[in-house]
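Below: the structure, in structure tokens.
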Amino acid sequence: MSEQTPVDNQKVDSINVNKSSPELKKHTFEAEVAQLLHLVTHSLYSNSDIFVRELVSNASDACDKLRFEATNDDSLYEDDGELKIRIAVDEDAKTITFTDNGIGMNEADAIENLGTIAKSGTKAFLDKLSESQKQDGQLIGQFGVGFYSGFIVADTISVETRKAGEPADKGVRWVSDGTGSFTVEPITKETRGTAITLHLKEQYSEGEDSYLDRGKIKQLVNKYSDHISLPIQMRKEVWQEDDNDDAPAGGEMVLTDEWETINKASALWTRTASEIEDEEYIDFYKNITYDMDAPLAWTHNRVEGRVQYTQLLYIPKKAPVDLYTRDQQHGLKLYVKRVFIMDEAEQLLPMYLRFVKGVIDSADLPLNVSRELLQESRDVKSIRDGNARRILTLLASLANSEDSDKQEKFAQFYAEFGDVIKEGVGEDMGNQERIAKLLRYATSTQDSVTTSFEDYKARMKEGQKAIYYLTADNLAAAKNSPQLELFKKKGIEVILMTSRVDEWAMNFLTSFDETPLQNIAKGAVDLGDLQDEAEKAEAEKAQETMKPVVDKLKAALGERAKDVKVSTRLVDSPACLVVGEGELSPQMIQMLKQMGQDVPESKPTLEVNPDHPLIKKLETSEQSDVDFDKLAQVIFDQALLADGGQLDDPAAYLKRVNELLMR
């Protein structure tokens, strides 16, 4: 069933205009407009649904203008102070009409604002305001080409409008097919405001792409314009029983004369946080994310400054399955003056916070002509940095709270998103310290991933000058690493890092709170005051006595080892591999190779334990050169395996081990 509107009744006159009418004036678009119209309808707006957003936005803009003008002249309301937007569908005529009772236009306005694509009526309106009035008019939109998005779906657009405060006979009808020209003629229009009628192209009035489906229009309004502060209305449909027993459905949906509001007409984030219940925040989160779970935490703030915006940011309870697919779309919903602009504005969040959901609403964020892509600008960077700080502050409040519920929430967060946060250590140098304070690890003295760098420092032994850590593939490998042996003997706690991102992240984090971070598997181990003089003297003596064996090991290993040294870090194991400061560990090399990256050649240093029976066996004269070489290779391979590396030739390793076992 079709809906009748004032424009629908005059539709034939709008399209089949009387060319001989002396009142009908034909105008040619400015030289560039035809070309720009083609760009708008075929390139800038790839999503045809956008026209609903644009025309509703323009209607809202017109009502905002009237509200502002009426502050000085109440008569402009013309005894109709209830501002609203109405959408009517006519299935028979194949039209959609967007009607508002806002400021409206006279003939000059219509020619100027609808005939020049690069001209924004709103911008001109704002330009007329004095500096003192601009703050009052800040909610008034500033978009110039949205009207023309209607030509994506319509072959003809007709506009009937009358400016508020002018006589009924000063109405204007504007008609164009979006090519080279448009016509303007006077009409009588009893009500102020504007009615824009889209005469749909065939492909948009039939089948699944049809915009004559009222349910589809309602869905688009809910998606794009649900938070427009004005009521957006459509005719109400009700089920009417059919008394005819032969009717297969038993009835049909019929239109009534009642108009119902289809949007909420209130933006949650524009309200004061103290006025909003937790359930409202949770329901809104579920609505915008389609997440069945409630969010873990959220923050809602109005940010003042050079860039003014509102942020409503949520931390989900569970990580999405594509969290580590870095090219997967992510980001926040972007609104400008409560009008939906973009679903996933990734520019508003750093990559390591890609799990954050929510809304940003700005009155002055720069947009390009299509309003579909953000421009990289100082304003965008300011909002992104502000969002990062706000989320990190929220996480810190959970982590440092004495409330057990908040502590549990942080533990839940870290279990889901801890590895992603670590990416920020290398990506966000400005917030590196904030991020470092959020990191949690297991240690050589406790398996739970709960120790922060601050906790570790509080437990450091007297005289300890560094925060010691070790990276490994998993907790078991880390706890059984030969690198830990000296530290266990000395009772020195070591942080155990078992995530794949840890090795990469620690390349960027070299100290915490002015205390250096030291990887115990890299470079020489210097315990400083924690190692007594007797131990140092014994180590120096071992270097001399083991020199012949060390030289022979170097020869046997050849290109496999960068060097061979007597170890000061081993207690129970025969040997371990050590890389130099700034060099890639075996785990990092393995990870880069799995990612298909070219890895620069890096050879480890083999450190041997002079007190281990297997190393002492190498000193015996009974060992033949062949047996010495085999044992040297086995010792190196075992050290590589203990360090989380992979053997280039496992079969050769097993053959050597079997031969030695059979002797």
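If you're wondering where the values come from, they're calculated on a predicted model, not measured in any experiment. Residue numbers count from 1 along this sequence. These values consider heavy atoms only, across backbone and side chains, with no hydrogens, waters or symmetry-generated copies.
Checking side-chain atoms of Asp502 against main-chain N and O of Thr498 turns up a donor-acceptor pair under 3.5 Å. Without hydrogens or angle criteria, Ser397 side chain to Leu394 main chain gives a donor-acceptor distance under 3.5 Å. Between the side chain of Gln483 and the main chain of Ala478, no donor-acceptor pair closer than 3.5 Å is present. The backbone N or O of Arg434 sits nowhere less than 3.5 Å from a side-chain atom of Asn431 that would complete a donor-acceptor pair. At distances below 3.5 Å, not a single donor-acceptor pair connects side-chain atoms of Glu454 with backbone N or O atoms of Lys437. In this structure, Arg354 contributes its side chain and Met351 its backbone to a donor-acceptor pair below 3.5 Å. Distance alone, capped at 3.5 Å, is enough to place a donor-acceptor pair between the Glu485 side chain and the Ser573 backbone. For Gln432 (side chain) and Val425 (main-chain N/O), a donor-acceptor pair under 3.5 Å exists by modelled atom type. Remark: the backbone N or O of Ile520 is paired with a side-chain donor or acceptor of Arg569 at under 3.5 angstrom.
With hydrogens and angles left out, the side-chain atoms of Arg440 and Ser448 include no donor and acceptor closer than 3.5 Å. For the residue pair Asp379 / Ser382, no side-chain donor-acceptor distance below 3.5 Å is found, with atom types taken as modelled. In the model, Ser274 has no side-chain atom that pairs as donor or acceptor with a side-chain atom of Thr272 under 3.5 Å.
The six-membered or imidazole ring of Tyr441 lies near that of Phe453, with a centre-to-centre distance under 6.0 Å.
The CD atom of Glu433 sits 12.0 Å away from the CG atom of Leu392 when rounded to the nearest 0.5 Å. One finds the CG atom of Leu313 at 10.5 Å from the OG1 atom of Thr310 (value rounded to the nearest 0.5 Å). Annotation: the span from Leu557 atom CG to Gln633 atom CD amounts to 5.5 Å, rounded to 0.5 Å. In this structure, CG in Leu631 is found 6.5 Å from NZ in Lys617, a value given to the nearest 0.5 Å. For the atom pair OH of Tyr469 and CD1 of Ile495, the computed distance is 10.0 Å after rounding to the nearest 0.5 Å. How far CZ of Phe413 is from CG of Leu296: 8.5 Å, rounded to the nearest 0.5 Å.
Contact record, Phe410 with Leu438: CZ-O, 3.4 Å, taken as the closest heavy-atom pair. Across all their heavy atoms, Gln347 and Arg384 have their closest contact at O-NH1, 2.9 Å. The two residues Ala575 and Ile635 make their nearest non-hydrogen contact at CB-CG2, 3.6 Å. Between Glu416 and Leu323, the shortest heavy-atom contact is O-CD2, 4.0 Å. Closest heavy-atom contact between Gly426 and Trp504: CA-CH2, 3.8 Å. In terms of heavy atoms, Arg459 sits closest to Glu493 at NH2-OE2, 2.9 Å.
Around the CG atom of Asp403, the shell of radius 6.0 Å holds more than 12 heavy atoms that belong to other residues, nucleotides or ligands. Atom CD of Glu304 has more than 12 neighbouring heavy atoms from other residues, nucleotides or ligands inside a 6.0 Å radius. Within a 6.0 Å sphere centred on NZ of Lys318, other residues, nucleotides and ligands contribute 12 heavy atoms or fewer. Dense packing is recorded around NZ of Lys603, with more than 12 heavy atoms of other residues, nucleotides or ligands lying under 6.0 Å away. Few gaps surround NZ on Lys522; more than 12 heavy atoms of other groups in view lie less than 6.0 Å from it.
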ask   = Should Asp361 and Tyr309 be marked as a side chain to side chain contact (heavy atoms under 4.5 Å, CB included) after you check the CA-CA gap, both sets of side-chain angles, and the distance that decides it?
value = CA-CA 6 Å; Asp361 190 347; Tyr309 59 97; over 6 Å; no
task = Could you check Lys317 against Lys409 for side chain to side chain contact (heavy atoms under 4.5 Å, CB included), going step by step and ending with a plain yes or no?
result = CA-CA 9 Å; Lys317 185 175 293 184; Lys409 284 185 177 182; over 6 Å; no
key: Chi angles and distances behind the side chain to side chain contact (heavy atoms under 4.5 Å, CB included) call for Leu484, Leu496   = CA-CA 10 Å; Leu484 279 179; Leu496 305 181; 4.1 Å; yes
ask   = What's the verdict on side chain to side chain contact (heavy atoms under 4.5 Å, CB included) for Val550 and Lys565, showing C-alpha distance, side-chain angles and the deciding distance?
value = CA-CA 7 Å; Val550 167; Lys565 294 181 179 180; over 6 Å; no
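Between Pro295 and Ile282 the shortest side-chain heavy-atom distance falls below 4.5 Å. Counting heavy atoms from C-beta on, the side chains of Leu517 and Met506 come closer than 4.5 Å.
Ion pairing of Lys422 with Asp419 is present here, as a side-chain N (NZ or NE/NH1/NH2) and a carboxylate O approach within less than 4.0 Å. The residues Asp551 and Lys547 are annotated as salt-bridged, a charged nitrogen and a carboxylate oxygen being separated by less than 4.0 angstrom. Salt-bridge formation is detected for the pair Lys457/Asp513: a Lys NZ or Arg NE/NH1/NH2 atom is positioned less than 4.0 Å from an Asp or Glu carboxylate oxygen. A salt bridge between Arg560 and Asp637 is present, with a side-chain N of the basic residue lying under 4.0 Å from a carboxylate O of the acidic one.
Listed by chain and number, the residues in a side chain to side chain donor-acceptor pair (under 3.5 Å) with Gln446 are Thr450, Thr451 (sequence neighbours excluded).
A perpendicular orientation is assigned to the rings of His300 and Tyr281, their planes being inclined by more than 60° (bins at 30° and 60°).
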